Amino acid sequence: MAIFLPGAAEDQALALDEMTPREIVTELDKYVVGQHAAKRAVAIALRNRMRRQKLSPELADEIMPKNIIMIGPTGVGKTEIARRLAKLTNSPFLKVEASKFTEVGYVGRDVESIVRDLVEIAIDMVREEKMEEVEDKAELAAEDRLIDLLLPPTPASPAAAAAPEPESNVIQLPAVTTVVDDSEEKPGDREHRTREKLRQQFREGKLDERTVELDVRDRNQPSFEVISNQGSEEMDINLKDMLPGLFGQRTKKRKMKVAEAFDYLVQEEESRLIDMDQVTRLAVERVEDSGIVFLDEIDKIAGREGGHGPDVSREGVQRDILPIVEGTTVSTKYGMVSTDHILFIAAGAFHVSKPSDLIPELQGRFPIRVELNSLTVNDFIRILTEPKSSLVKQSTALLETEGLKLEFTKEAIAEMAQFAFRVNETTENIGARRLHTILERVLDEISFQAPDLFKSPRAEVTEEGVVAEVPVSASLTSEVQVPSPPLPVIERQTATGVEKVIVVDPEYVRQQVASIVKDQDLSRYIL
């Protein structure tokens with residue numbers, strides 16, 4: 001009879017695999033405002049990937065991913081959608097700018113480094129997962145090693161010292177049987193009790209300040225790396241593999257405190273318990289089956305060759321990216337990696353160029369095209385308040401670390417959104433990134449003055465020896481003092497007493513931002 005336990009790890013992973021496109025869009029809505037068409041496209045692509053994994057291997061190999069190209073101005077959520085999608089699926093994710101690659105023969109990065117970097121990211125992900133699995137075993141092993149260092153070795157018993165060696169010719173007669181008194185304590189029991197006492201003291205933190213001496217690995221090993229046009233991957237020379245006897249694993253003595261030594265020993269035990277060959281194999285499989293590459297600024301390489309100037313390698317970069325996108329095998333130091341089923345999401349503003357300026361072969365590899373809309377005032381209001389880690393929540397949490405209460409009225413949030421939209425209209429449209437500038441400008445005086453205003457006065461000794469209380473802000477003198485505007489502080493009665501709250505209202509927002517927004521020429525430089 002089989003018994004199925006609830007809440008197993010397989011059930012949790014299965015729940016993620018069973019997410020419908022509508023549920024995926026709902027999850028993305030927690031972090032990205034609007035852009036429903038783009039969310040639908042990536043949700044369908046993710047669902048198709050899950051469907052493909054349930055097919056037979058023969059048919060699954062024939063199904064290619066439907067790559068996506070996002071078209072829209074900067075700051076509307078293209079990168080955030082792809083990043084959140086990768087976090088949702090726990091997939092290896094890499095964001096690269098297409099403009100930093102050059103055609104083979106020019107100075108710059110090779111496009112195959114995309115796959116190599118993605119494999120490194122996947123190895124780090126799998127290694128972290130394996131470390132969590134062996135964390136308990138590693139801590140117990142490190143604890144035993146640390147107790148061995150803290151506990152001095154027990155001397156040998158006299159009976160053991162007087163015992164004849166096996167090689168001697170002494171004939172030992174059978175001894176007379178004696179009755180052993182159970183009340184006598186054995187040395188092993190005493191040592192075990194001492195170890196357990198030390199273990200309890202260590203877990204309570206009473207031994208953290210003691211110093212122990214460890215044998216740590218000497219990392220100053222000679223290393224050689226050959227750089228060529230093909231990159232360091234193909235010209236890797238490992239002298240430790242070629243001459244194993246020449247460069248042995250050297251160690252050195254190092255004194256450290258118990259808490260630091262425990263962390264070091266845990267890392268050492270985790271590395272010993274993890275099978276790196278298995279980690280590498282799983283990482284390569286994860287890259288091939290569920291890797292996501294976000295190609296940003298693809299519009300920067302959309303121009304055709306003009307035959308001269310700095311853009312001479314644009315079309316060459318497209319030709320180099322083409323085999324990676326359509327499916328090829330890339331050589332890495334961890335083995336051959338196939339890109340047949342890696343999902344590529346390209347994005348670009350396409351202000352100057354258009355998607356049809358890409359070479360036809362590359363256009364055909366991005367069958368799904370989604371246009372993202374520019375942000376409106378209502379979108380700015382939602383961005384400031386709705387996401388899990390919205391800008392307003394971040395600013396409030398930062399000031400709460402100093403005991404400051406900060407509140408924004410609905411009218412103040414609407415005013416900041418209106419200012420951001422107006423500046424985007426009159427100057428360069430940078431989307432939601434404009435909100436960062438507006439919010440920082442609004443909180444400039446609050447972040448600077450409030451910590452000093454809410455501090456208690458400090459004591460100062462005068463020349464006559466009289467102790468006087470001086471406000472902290474009074475000590476912050478300078479040669480040129482600029483009067484600061486008063487902060488919008490109100491007192492509120494609570495159950496614990498009276499607390500001071502900084503309330504940001506529309507008038508304060510206009511006071512901080514309007515003087516800059518009025519002058520368009522000045523706002524081009526500051527905002």
Side-chain angles (χ1 to χ4, degrees), residues 28 32-46 65-86 93-103 106 108-115 117-118 291-306 309-326 339 342-375 379 383 424 427-434:
L28 292 175
V32 184
V33 171
Q35 314 302 350
H36 190 68
K39 293 175 184 176
R40 281 174 58 98
V42 297
I44 293 172
L46 179 61
K66 305 300 186 293
N67 298 322
I68 304 168
I69 183 167
M70 297 182 182
I71 305 168
T74 181
V76 296
K78 300 187 296 293
T79 307
E80 193 65 19
I81 289 175
R83 183 182 288 114
R84 294 296 176 180
L85 183 73
F93 175 77
L94 177 67
K95 176 186 178 295
V96 293
E97 287 77 23
S99 56
K100 76 177 181 180
F101 298 106
T102 60
E103 185 182 358
Y106 291 85
R109 296 205 66 185
D110 183 12
V111 295
E112 290 189 351
S113 62
I114 296 174
V115 181
D117 293 343
L118 193 63
I292 299 176
V293 174
F294 185 77
L295 278 172
D296 202 4
E297 297 181 359
I298 197 171
D299 56 320
K300 302 298 189 300
I301 62 169
R304 295 299 182 91
E305 277 190 15
D311 299 333
V312 69
S313 66
R314 279 185 174 182
E315 191 171 338
V317 175
Q318 297 182 51
R319 287 194 299 265
D320 290 344
I321 290 178
L322 178 62
I324 303 293
V325 176
E326 68 181 358
T339 66
I342 295 178
L343 177 64
F344 287 86
I345 302 176
F350 290 98
H351 289 310
V352 179
S353 59
K354 49 189 182 296
S356 59
D357 291 335
L358 296 169
I359 59 176
E361 297 88 348
L362 192 59
Q363 292 182 46
R365 295 299 171 182
F366 290 91
I368 302 176
R369 298 186 183 182
V370 183
E371 187 171 355
L372 284 81
N373 303 320
S374 298
L375 299 175
D379 291 333
I383 290 171
N424 277 345
T427 60
E428 295 295 332
N429 185 4
I430 60 173
R433 294 185 179 93
R434 185 73 65 187

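In this text the structure is predicted, and so the values were computed from the model without any measurement.
The two residues A37 and V370 make their nearest non-hydrogen contact at C-CG1, 3.7 Å. Contact between R83 and K95 at its shortest, heavy atoms only, is NH2-CD, 3.9 Å. Of all non-hydrogen atoms in L375 and A432, the two that sit nearest each other are CD1-N, 3.5 Å. Among all heavy-atom pairs drawn from N429 and T74, the shortest one is O-CG2, 3.6 Å.
The main-chain N or O of A302 is never found under 3.5 Å from a side-chain atom of S353 such that the two would form a donor-acceptor pair. In this structure a side-chain-to-backbone donor-acceptor pair under 3.5 Å is present from Q318 to I359. Side chain of E97 to backbone of L295: no donor-acceptor contact under 3.5 angstrom is found. When atom types are taken as modelled, the side chain of D299 and the backbone of F350 share a donor-acceptor pair closer than 3.5 angstrom. With hydrogens and angles disregarded, a donor-acceptor distance shorter than 3.5 Å links the side chain of D357 to the backbone of K354.
In this structure, E361 does not pair ionically with R365, as no charged nitrogen and carboxylate oxygen lie closer than 4.0 Å.
At a cut-off of 3.5 Å, with distance as the only test, a side-chain donor of Q363 or R369 sits close to an acceptor on the other residue.
The CZ atom of F366 sits 11.5 Å away from the CD1 atom of I71 when rounded to the nearest 0.5 Å.
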Exercise for the section: Begin from the C-alpha positions of I342 and L118 and carry the test side-chain contact (heavy atoms from CB on, under 4.5 Å) through to its verdict. Expected result: CA-CA 10 Å; I342 295 178; L118 193 63; 4.1 Å; yes
Practice task
Show the numbers, then the answer: is there a side-chain contact (heavy atoms from CB on, under 4.5 Å) between I321 and I298?
Solution key: CA-CA 11 Å; I321 290 178; I298 197 171; 5.9 Å; no
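Of the options L372, I430, I81, a side chain to side chain contact (heavy atoms under 4.5 Å, CB included) to V76 is made by L372 and by none of the others.
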